[in-house]
Amino acid sequence: AQSVTQPDIHITVSEGASLELRCNYSYGATPYLFWYVQSPGQGLQLLLKYFSGDTLVQGIKGFEAEFKRSQSSFNLRKPSVHWSDAAEYFCAVSTGNQFYFGTGTSLTVIP
Amino acid sequence: SAVISQKPSRDICQRGTSLTIQCQVDSQVTMMFWYRQQPGQSLTLIATANQGSEATYESGFVIDKFPISRPNLTFSTLTVSNMSPEDSSIYLCSVSRENYGYTFGSGTRLTVV
């Protein structure tokens with residue numbers, strides 16, 4: 001069965017530090033991959049997506065993600081975190097017919 | 001990508017009552033999706049709503065509890081019926097557009113007291 005795993009429930013980083021949020025998926029073929037961000041009390045906003053082609057994907061707000069087929073991973077990165085990046089981040093996988101969310105990683109940014 | 005307007009943004013309701021959530025999309029879409037996000041949890045798909053047909057419900061969700069309407073290609077409603085405190089969640093609608101991924105509404109934060 002398809003699944004999405006975000007191993008880190010909560011991450012704390014200092015403002016200006018680099019960030020990497022991990023995401024692993026389980027699916028027989030190459031899925032469509034997404035990262036969403038949810039600020040407190042808000043809905044979900046799409047950060048970036050991977051359908052095919054270049055495995056390094058650029059998104060909004062300075063985020064990027066790299067698809068690694070050999071590791072079944074789609075980790076989200078940002079070189080320098082801003083205080084406004086504090087939010088819940090969800091990795092998601094679409095197989096065309098189904099859409100699966102990870103359990104989310106909560107990001108805290110400290111001054 | 002599609003723009004989705006969802007309302008109400010939040011509500012506090014008495015147990016035993018019902019709440020209808022509306023979702024308006026700025027362009028025609030074939031399928032609309034309704035999700036629930038319980039406190040501290042990820043998103044769970046409730047149902048998929050196609051225009052002109054009955055909604056398709058996921059395991060654990062039934063039409064009597066979560067009736068859905070889809071009168072046209074830009075609008076859908078989800079009703080949470082006979083509410084209990086366990087229904088306190090964020091409810092989100094979503095649409096899928098080719099090459100745009102899934103776009104979500106801003107969500108409805110429901111508290112049942």
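Bear in mind that the values here come from a model prediction, so they are computed numbers and not experimental data. First the proteins, then the strands, lettered A, B, ... as listed; each starts at 1.
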Could you check whether any side-chain heavy atom of B:Gln37 comes within less than 4.5 Å of a side-chain heavy atom of A:Phe90, counting everything from C-beta outward? yes
Are the side chain of B:Ser42 and the backbone of A:Gly102 linked by a donor-acceptor contact shorter than 3.5 Å? yes
Assess whether atom CD1 of A:Ile9 is packed by more than 12 heavy atoms of other residues, nucleotides or ligands within 6.0 Å. no
Does one hydrophobic cluster hold both B:Trp34 and B:Tyr57, with members joined at side-chain heavy-atom distances below 4.5 Å? yes
Let me know if B:Ile90 has heavy atoms under 4.5 Å from chain A in its side chain, its backbone, both or neither. side chain
Heavy-atom proximity to chain B below 4.5 Å, by part of A:Gln45: neither
If you count every heavy atom of other residues, nucleotides or ligands that lies below 6.0 Å from A:Leu56 atom CG, does the total exceed 12? yes
Answer with yes or no whether the hydrophobic clustering places B:Phe33 together with B:Leu43; edges join I, L, V, M, F, W, Y residues whose side-chain heavy atoms lie under 4.5 Å apart. yes
Shared hydrophobic cluster, B:Met32 / B:Phe66 (ILVMFWY, side-chain heavy atoms < 4.5 Å): no
Taking A:Phe63 as the starting point, is it possible to reach A:Val93 by hopping between hydrophobic residues whose side chains are less than 4.5 Å apart? yes
So for B:Gln6, is it side chain, backbone, both, or neither that comes closer than 4.5 Å to the heavy atoms of chain A? neither
hydrophobic_cluster_shared for B:Leu45 and B:Leu110, side chain cutoff 4.5 Å: no
Ordered numerically, the heavy-atom neighbours of chain A under 4.5 Å found in residues 72-80 of chain B are none
With a cut-off of 6.0 Å (strictly less than), are more than 12 heavy atoms of other residues, nucleotides or ligands near CD of B:Glu58? yes
Shortest non-hydrogen contact from A:Leu44 to B:Leu92? N-CD2, 4.1 Å
Check: B:Phe104 ring centroid to A:Phe34 ring centroid under 6.0 Å: no
